[in-house]
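Encoded as structure tokens, the structure appears first; notes follow it.
All chains are named by letter (A, B, ...) in the order of the sequence lines, taking the proteins before the strands, and each is independently numbered beginning at 1.
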Amino acid sequence: MLTAFYALTFMAHDLPKSYEPGAIETRWADYWIEEKLFSVTAPPAGPPSENRPTERTTRPVFTLLLPPPNVTGRLHMGHMLNQTQMDIIVRWHRMRGFITLWLPGTDHAGIATQMMVERQLAKEGKKRRDLGREKFVERVWEWKREYGGAILDQMKRLGASVDWDREYFTMDDNLSHAVREVFVRLYEEGLIYRGKYIVNWCPRCETAISDLEVKHEDVAGKLWEIRYPVIGSSEFITVATTRPETMLGDTAIAVNAKDERYTHLHGKYVLLPLMKREIPIITDELAQPEFGTGAVKVTPAHDPNDFQAGLRHDLPQIDVMDEHAHMNQNAGVYAGLDRFEARKRVLADLQEQGFLVAEKDYALALGKCDRCGTVVEPRLSEQWFIKIAPLAERAKEAVESGEITIVPDNYQTIYLNWMNNIHDWCVSRQLWWGHRIPAWTCGTEACGEVTVAREAPQKCPRCGSAKLEQVSDVLDTWFSSGLLPFTTLGWPEKTRDQAVFYPTTLLITAYEILFFWVARMIMFGCHFMQGHEQDPAIKKASGWGDKQNDSVPFREVYIHALVRDAERQKMSKTKGNVVDPLEVIERFGTDATRFTLAAMAAPGTDIAFNESRTDGYRAFANKIWNAARFMFMNVDRVEPGLRPGLTAEGGCQMGVAGFLTSTLEDRWILSRFNRVAADVNDALATYRFHEAANRIYDFFWGEFCDWYLELIKPRLNFDEGADKTAARAACANLVALFDGALRLLHPVMPFITEEIWQAMYEGRPPLKSIALASYPQADKKQFNLAAEAEMAILQDLIVSVRNLRAELKVEPKVKVPIEVFAHEPEIRTMIEHNRGAVERLASVEKIMFVESSLTKLPGARSTARFDVHVIFERKIDVAAECERLKKELEKIEKGIASGQKQLGNEQFLAKAPANVVENLRKQQQELAVLQEKTRSKLNELGCQ
RNA sequence: AGGCCCGUAGCUCAGUUGGUCUAGAGCGCUUCCUUGACACGGAAGAGGUCGAUGGUUCGAAUCCAUUCGGGCCUACCA
């Protein structure tokens, strides 16, 4: 199928003049999926034997879990950055021979998804209660089937090389089963408890939410001071509050025991205004003498601090609101009012009755529901909690001991800080969509026993009643996603997948979910995978041999940057500044967009996404494309059968290893290629994506295209009478180098590299994809300092001549003779050897070597290694030339001055490393020569 | 309240443990060039002393302190 396609398109290497990513990208994305190129199975266990090829169990393993996007999600720039980085790392590992598993899936996203469907229902004029639980949940599943795959489809467009055969959904049967198992085990271990506590309650979502789901927003609020009359006295005690309506539920007034102002009131009672209830004055740490009046009202049912104080003093808890945050019957005459309406009425009544003392402006951080923005109400309710301290302990250790490393390392501190101040986790949610808590309440009034079990019990274990009803709450979404590193690998079954792929190698994620998700995975992983051991052969091959503990969910975490808009603002729907990655892709191509994100992703800094960069990288793709056209054009000129490295049988076997070196440019480019390969591998190993991307960019464009291709053009001569052997060799080198460069670039730009690579083999590649080819590793033996130094001089010479031509305003088509002086004979020889290059690249007619310095002539340029003079009869602008020379001299002398200062400093000579001193000396010598030459020129021109 | 990050050319950003940084790149800008890979191109240029101040050091864009400006996160002080 594909071969046929190539037969049509590429046999003649008839590539369009400019690169059009659209069709090419979707074609390869589909191809990779259809061919299941990225599906992996665990290699069998046991020592290598005849039946078991050695290499299978000794290959290293790389496992990465995709942070599951919400089923409700739409791809945004954050996803794209995340996925680009993951794909780069994954492809890089795969090409380096790792058994590479990248596991994709989606999260059921409790509240978000439920809201989505509720909104849909609202359009039909219905509420979820109209349908009832069962019908509603069925409706959500329908929604999921219809729209839930959208984000993964978008992901396919990015070329993400995930194993689609292993795609999971957090509510799949096997994962749900694991969730129940975890819940029951935690309960049995006493790590889950149920109780009436103050939780964050969203009155709109009608559910409890965790601390992390509350977003604080600074608002200008008020602080009201209310006085309560002390019983049996004419005195009043004044308290301050930001929430006067809660006073209806006050059950005490607290003062600090050390606060002498109130000592005489200890043990007395006050009459609660409006409610006319007697409540005690207690002493508690809750009240801090420095704040306000030093006295504080205590409302155990509506404030977490007051709740704790209430427990300490055994105070009644009077809940004055219902689940919608409307006042209930406990609120007396205010019953039925919304909380904010009640506030107004309470304040008015207090004012009228003379209890309101003052109203002050007060800045407060108002807690709002992360999902819907409704002001969160601390509410007393029956919830399920995970006792976090024992889990956190191990999770802390795992990071402190280095079993898990977090990159960049400042996040390590943040993580540990959080772990030290962690509270119990409220895991129950009053929603219908999610994993229902595996607990059953006995319906017999006298019993009410709650039973936690893996399967629905037949009868109540306490009273034997069969009237059992499952608890209606579901679990926090992050409960199930926190288990994914092992549940996706078959847990609670002990599977081969686990032995091979657990611990996963790496997690790449956003800072935002460090606590929501990352911390929870670490806690659950360390707890439930305790005692787990990765297959020793695989562990060793993967380089984790010294790590003691295999219970951790991943060995490394890389926290990526936040993508902001061009103005550095956080992208958000409400601001309307969201850049849609698919739109960007549409305009510039996936490769260019990926490259942008990679090139801008310096660790630890946010990315201000800027389209002009993407436009630039689209140009880069085009450059690659045209370099490929150039290569194919030349390959086509070689007789069929003698095509270098492109035969159907052998394929392009040579790679860069088979590169034939003869000329300076060959030795040079080979050295450069190996250096770049070394740098890129280094950069990727430490997640310096920007460095990897930039190194390849500079190499491909600045060295390979700008210099190498230009330099070899004369050798690619297949005309009658030309040296065809030399031409074929040059062509072979070109192909080999191109092949290497494509492989180097592939993780960042998978599509264009695949397209060209496949075309190089005319549809009959030795492997199904470049993604399976080997990644270039540096061969240090090919580093060639001499070639690089010589090439630098040659480039310098060519640029100098071009520069002089521009200054002398020589017509571009006119070839000029030049004179060159080089006092070192080797340099002269080198230039002589490469005179053709100089002549062609600088439009030089001929080169004449002279025996003395050329500084005195106008139209000359000097460097430390050579002088060059362009012979062209035109008066130069003496004033301008003087100006330029003066500026140059100034710079040189500044350099000399600072260098001499350093070299004259004995401390420097004593303390600086030898090579630094030596380099400086060398540099100084060169500067001195240049200074001399520049001065003579200034004299010659008669500059002032 | 605590913590973190950023402030380098007109714009967007690099600059790994302080020393070839006489500070780079892309876009933009100036001049020139349609030469059979590429005008999404080529050639040559102009442009910043690294927010400010002080310190450590033989040596600082790079480390420390203070300060100004921008952003983010965490927090149960009424």
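Distance noted for atom C1' between B:G48 and B:C40: 28 Å (whole Å). Using C1' as the reference atom, B:C73 and B:G15 are 27 Å apart when rounded to the nearest Å. B:G42 and B:C5 have their C1' atoms separated by 41 Å, given to the nearest Å. B:G59 and B:G18 are spaced 8 Å apart, taking the C1' atom of each and rounding to whole Å. Distance check on atom C1': B:G51 versus B:U8 gives 10 Å, rounded to whole Å. As rounded to the nearest Å, B:C27 and B:U34 have C1' atoms that lie 23 Å from one another. Rounded to whole Å, the C1' atom of B:A9 lies 11 Å from the corresponding atom of B:A46. For the C1' atoms, the distance from B:G70 to B:U31 is 38 Å, rounded to whole Å.
Backbone-only engagement by A:R802 is indicated by non-hydrogen atom pairs under 4.0 Å involving sugar-phosphate atoms exclusively. No engagement by A:F307 is indicated, since no non-hydrogen atom pair under 4.0 Å with the nucleic acid exists. Among the atoms of the strands shown, only primed sugar atoms or phosphate atoms (P, OP1, OP2) are found under 4.0 Å from some heavy atom of A:Y362. Within 4.0 Å (heavy atoms only), A:G294 reaches at least one base atom of the nucleic acid. Counting non-hydrogen atoms under 4.0 angstrom, A:L286 reaches a base of the nucleic acid. Here A:V799 lies in heavy-atom contact (under 4.0 Å) with sugar-phosphate atoms only.
Pairing for B:C77 is absent, judged as Watson-Crick or G-U wobble with the two contacts each under 3.5 Å. Under the Watson-Crick or G-U wobble criterion, with both distances below 3.5 Å, B:C63 is paired with B:G55. B:A37: no Watson-Crick or G-U partner with both key distances under 3.5 Å is found in any strand. With both pairing distances under 3.5 Å, B:C4 is matched to B:G71 as a Watson-Crick or G-U wobble pair. Remark: B:G28 base-pairs with no nucleotide; criterion is Watson-Crick or G-U wobble with both hydrogen-bond distances under 3.5 Å.
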Do A:L841 and A:W707 pass the side-chain contact (heavy atoms from CB on, under 4.5 Å) test, and can you show the C-alpha distance, the side-chain angles, and the key distance before you say yes or no? CA-CA 9 Å; A:L841 300 184; A:W707 288 99; 4.0 Å; yes
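Note on A:Y511: every side-chain N or O is 4.0 Å or more away from OP1 and OP2 of B:U74. Look at A:H690 and you won't find any side-chain N or O under 4.0 angstrom from OP1 or OP2 of B:A25.
Rounded to whole angstrom, the span from the CD atom of A:Q412 across to the C1' atom of B:G3 amounts to 16 Å. Rounded to an integer number of Å, the gap from CG of A:D698 to C1' of B:G26 is 10 Å. Atom C1' of nucleotide B:U74 and atom CZ of A:F516 are separated by 12 Å, given to the nearest angstrom. Straight-line distance from the OH atom of A:Y697 to the C1' atom of B:G24: 13 Å, rounded to whole Å. For the pair A:E611 CD and B:C11 C1', the interatomic distance rounds to 14 Å; values are reported in whole Å. We find that CZ of A:R613 is positioned 12 Å from C1' of B:G24, with the value rounded to whole Å. Between A:I559 atom CD1 and B:C72 atom C1' the separation is 15 Å, expressed in whole Å. Distance, A:F595 CZ to B:G26 C1': 11 Å, rounded to whole Å.
With RNA chain B read from its 5' end, the first of the two nearest nucleotides for A:H423 and A:Q907 is the one closest to A:Q907. Checking A:Y617 against A:D303, the closest nucleotide of RNA chain B that is more toward the 5' end is the one next to A:Y617.
With sequence neighbours excluded, the residues forming a side-chain contact (heavy atoms from CB on, under 4.5 Å) with A:D259 are A:N256, A:R261, A:Y262, A:P289, listed by chain and number. The side chain to side chain donor-acceptor pair (under 3.5 Å) test applied to A:E691 returns A:R688, not counting sequence neighbours. With sequence neighbours excluded, no residue forms a side chain to side chain donor-acceptor pair (under 3.5 Å) with A:D591. Every residue two or more places apart in sequence or in another chain that forms a side chain to side chain donor-acceptor pair (under 3.5 Å) with A:K222 is listed here: A:D361. Under the salt bridge (charged side-chain N to carboxylate O under 4.0 Å, His left out) criterion, A:D284 pairs with A:R312, sequence neighbours left out. Checked against side-chain contact (heavy atoms from CB on, under 4.5 Å), A:A599 has the following partners two or more places apart in sequence or in another chain: A:F595, A:R613, A:Y617, A:A693, A:N694. By the side chain to side chain donor-acceptor pair (under 3.5 Å) test, A:E845 pairs with no residue at all, sequence neighbours left out. Residues satisfying the side-chain contact (heavy atoms from CB on, under 4.5 Å) test with A:P300, not counting sequence neighbours, are A:T251, A:V298, A:L315, A:Q317. For A:K368, the salt bridge (charged side-chain N to carboxylate O under 4.0 Å, His left out) partners two or more places apart in sequence, or in a different chain, are A:E217.
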Report, one pair per line, the protein and nucleotides 16-23 of chain B atoms (nitrogen or oxygen only) whose separation is under 3.5 Å.
from: B:G19; atom 1: N2; to: A:Q902; atom 2: OE1; distance (Å): 3.4

Can you name the atoms? Protein N/O to nucleotides 61-64 of chain B N/O, anything below 3.5 Å, with the distance.
none

Would you list the protein and nucleotides 33-41 of chain B atom pairs, both N or O, that sit under 3.5 Å from each other?
from: B:A37; atom 1: O2'; to: A:N626; atom 2: OD1; distance (Å): 2.7
from: B:A37; atom 1: O2'; to: A:R629; atom 2: NH1; distance (Å): 2.9
from: B:A37; atom 1: N7; to: A:K713; atom 2: NZ; distance (Å): 3.4
from: B:A37; atom 1: N6; to: A:E710; atom 2: OE2; distance (Å): 3.3
from: B:A37; atom 1: N3; to: A:N626; atom 2: O; distance (Å): 3.0
from: B:A37; atom 1: N3; to: A:A627; atom 2: N; distance (Å): 3.2
from: B:C38; atom 1: O4'; to: A:N626; atom 2: OD1; distance (Å): 2.9
from: B:C38; atom 1: O4'; to: A:N626; atom 2: ND2; distance (Å): 3.4
from: B:C38; atom 1: O2'; to: A:N622; atom 2: OD1; distance (Å): 3.3
from: B:C38; atom 1: O2'; to: A:N626; atom 2: ND2; distance (Å): 3.4
from: B:C38; atom 1: O2; to: A:K623; atom 2: NZ; distance (Å): 2.9
from: B:C38; atom 1: N3; to: A:K623; atom 2: NZ; distance (Å): 3.0
from: B:C40; atom 1: O2'; to: A:N622; atom 2: OD1; distance (Å): 3.2
from: B:C40; atom 1: O2; to: A:R618; atom 2: O; distance (Å): 3.4
from: B:G41; atom 1: O3'; to: A:K623; atom 2: NZ; distance (Å): 3.0

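A donor atom on one side chain and an acceptor atom on the other are not found under 3.5 Å apart for A:S18 and A:N622. Remark: the A:W201 side chain and the A:E377 side chain contain no N/O donor-acceptor pair separated by less than 3.5 Å.
Here B:C76 is the nucleotide among B:C27, B:A78, B:C76 with the atom lying nearest to any side-chain atom of A:H216. Which of B:C27, B:C76, B:A78 sits closest to the side chain of A:S612 comes down to B:C27.
Under a 3.5 Å cut-off, the side chain of A:T686 and the backbone N or O of A:D682 do form a donor-acceptor pair.
The aromatic rings of A:Y411 and A:Y511 lie tilted to each other, with the angle between the two planes from 30° to 60°.
Stacking of A:K809 on the aromatic ring of A:F872 is not recorded, the 6.0 Å distance cut-off and the 45° axial limit not both being met.
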